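Below: one structure, written as structure tokens.
From a predicted model like this one, the values you see are computed outputs, not experimental measurements. Order of the sequence lines sets the chain letters (A, B, ...), proteins ahead of strands, with each chain counted from 1.
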Number of protein chains: 2
Amino acid sequence: MARTQNGTGVRIQDVAARAGVSVGTVSHTINHPELVSARTRRAVERAIKELGFVPNQQARVLTGAASQVIGLVVLDVVSPFFMEAARAVERAAREAGHVVILCNSDNDPARESQLLQILGAQRVRGALLTPARTGQGGDRARIEAGHLPVVFLDYQTAGDDCSVSVDDVAGARLAVEHLLELGHERVAFVGGGQGLRQHVQRAQGARDAILAAGLDPSTALVEITQDGLGIQDGVLAAEHLLEGELPTGIFCGNDMMAFGVYRRLSRAGVKVPDDVALVGYDDIDFAADWVVPLTSVRQPTDQLGYLAAQLLFEHSAGDEAHVHRQTVLQPELIVRSSSTRGGRTGVTIVG
Amino acid sequence: MARTQNGTGVRIQDVAARAGVSVGTVSHTINHPELVSARTRRAVERAIKELGFVPNQQARVLTGAASQVIGLVVLDVVSPFFMEAARAVERAAREAGHVVILCNSDNDPARESQLLQILGAQRVRGALLTPARTGQGGDRARIEAGHLPVVFLDYQTAGDDCSVSVDDVAGARLAVEHLLELGHERVAFVGGGQGLRQHVQRAQGARDAILAAGLDPSTALVEITQDGLGIQDGVLAAEHLLEGELPTGIFCGNDMMAFGVYRRLSRAGVKVPDDVALVGYDDIDFAADWVVPLTSVRQPTDQLGYLAAQLLFEHSAGDEAHVHRQTVLQPELIVRSSSTRGGRTGVTIVG
DNA sequence: TTCATGTATTGAAGCGCTTCAGACAGTATC
DNA sequence: GATACTGTCTGAAGCGCTTCAATACATGAA
């Protein structure tokens, strides 16, 4: 089967020849049918169908059309959080007749710039970006490197950029306040991912809550940071905690780590929630179905992705009047039995 | 900040002007540096850097260069199985300097053709496709519609297409044989996703195993099919099972459904594995960490994605000598305590 | 000096498309 | 009958790039 290098070999001029009109007319029937008589339009449409003509989008974009592609750069493709957001982005894209290039920066700034460069070279319409690590303004530079409209996802920017984020500090505060209200006076924060912004902010939120309660973080808060973000990292964190005096409340930077903590604790005979109250973050599907249903901070993931994509479309519409906008979404604490002492299942929302 | 519609407004001719050479020379220093004297090369490189020139990939492709983009069409973006495969695809792509457009067909043939059409219009280098539903040859037509090189992912094709798949029939056989060996004489298969190919084949494998053991499927095998693939669908399936005489071994088409089955059963006071042995499919991360570690069929997901991507690169290299190749990978049964009676933790491989 | 032989560089054609200025009827207006 | 439209259609220019034939300039050999 002979194919030209770029897919279907039929070009607009083949269609024109077949329909007995000029290429301009074919182009018009595709893009401005109102300029073409019904008769020719039908002829052209027939020729298109017969030849299986699919306009070359690259050529189109080259002549100034807006690209139908947007980029999405996240820190981790397998993270349920990002994937739920990605699904929402995909949905928004689909509704706008677009398609998404999904990239994985692995939280590595170098890889991130490379990706932005590639997306720029593809002349995508724009990109959604969750910046890798803490870049201290280097971010801006990296974005400019890509020379494309960017909307930040899950990252709050100052005024001169578009962003949609979830308030991680507030989420962590919710979690720790909850533990404090339950009477725990010594709590731990288990974070992961070296320098991962989200976790840095959650640690901050934990500290804020402790302070707001009039407690001293140096005694009332144990902070543990692991390299990774998985169950195993939770296990390791719990190991650390077991070495000293165990706090009675543990807040983890994500649900996976909470599961790991749970696993290690129960292996050590520590009961959740009787001996230790456990709170996770993200409220992934599994949280509600865990051995002990996990109290967790739920993020409006779907909204996050959807809004960000919409903002990008607006931002990249070339509308001169576009003003950069920052949307900060609020997380919500879902209380389940992993934190409510004595087996009381104080479920606020059934997950 | 004035930007042209397609990103950086710097064109090759701007670079040429800046460096005081012709566009041809600039192009040469980028693509065939050996044709350019060291002196001019340096000058051009400097101009490129100073202007932040990024070649327009669309224009490049238009002149015959191979696209740096491949498409990946899966049934569900949030499925852990596909996402692990996607990550492997992404890795393979990255190694080849490519980037992946990730699409979600939602197991809908119409959406699938639409996506192939879009990918075709983008003139991507090729696509990896997990076909939606059972299309009975309609598949081929749909692929041709896209006019692009396609490698099937997680779907076994006949000789005239490239594919990388995992033997679902064999996987299911492993699972059911395991149950039969444990002495269970009446087992259930819980499948999901209306007409989802993978589950249809797993059902087949279950039947095969029953037959091979000399049992009668009409009495020894209970088949239940749910619409979805999630925990909740497992719960519903278990509900059905509880209505009649409960089989002593249950094999689920995926781990999520197994979790759901477990949940409903334990709510009904049925103990796993003491009363019922439970086996899942996919061996997702959580399987090993479930309340009762779940026996599951592990698929070589990473290999699946990586090999498929490589095959696509080979296939789309335009190499005339390319022969279509079908690779079928073998799954593996990971035995954990959800199936081994009396609390024996007959763990074959520590998950 | 004149050729041949390279090596460096250039300019233009062409990739597939859109769009814009014109051309060419066919009507309506004066 | 001349003029001005209006509705259709065409041809060519141009999007940013690559490539190929052609040119220009050295260099060494004859």
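Residues that satisfy the side chain to side chain contact (heavy atoms under 4.5 Å, CB included) test with Ala38(B), not counting sequence neighbours, are Arg41(B), Arg42(B). Considering only residues two or more places apart in sequence or on other chains, Arg94(A) meets the salt bridge (Lys or Arg N to Asp or Glu O under 4.0 Å) condition with Glu90(A), Asp106(B). Legend: residues meeting salt bridge (Lys or Arg N to Asp or Glu O under 4.0 Å) with Asp302(A), ordered by chain and number and at least two apart, are Arg91(A).
The CZ-C1' distance, from Arg60(B) to dG14(C), rounds to 17 Å in whole Å. If you measure from atom CG of Leu51(B) to atom P of dG16(D), you get 14 Å, rounded to the nearest angstrom. With rounding to whole Å, Ile48(A) atom CD1 is found 13 Å from dC17(C) atom C1'. Gln58(B) has its CD atom 13 Å from the C1' atom of dC15(C), to the nearest Å.
At the heavy-atom level, Thr25(A) lies under 4.0 Å from base atoms of the strands shown.
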Give each protein N/O atom lying under 3.5 Å from an N/O atom of nucleotides 22-24 of chain D, with the pair distance.
none

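Of the residues near DNA chain C, Ser22(B) and Thr63(B), the one whose nearest nucleotide (by heavy atom distance) lies more toward the 5' end is Ser22(B).
For residues 61-74 of chain B, every residue pair satisfying the side chain to side chain donor-acceptor pair (under 3.5 Å) rule, not counting sequence neighbours, is listed here: Gln57(B)-Gln68(B).
Residues from residues 27-36 of chain B that place a heavy atom under 4.0 Å from any atom of DNA chain D, listed by number: Ser27(B), His28(B), Asn31(B), His32(B).
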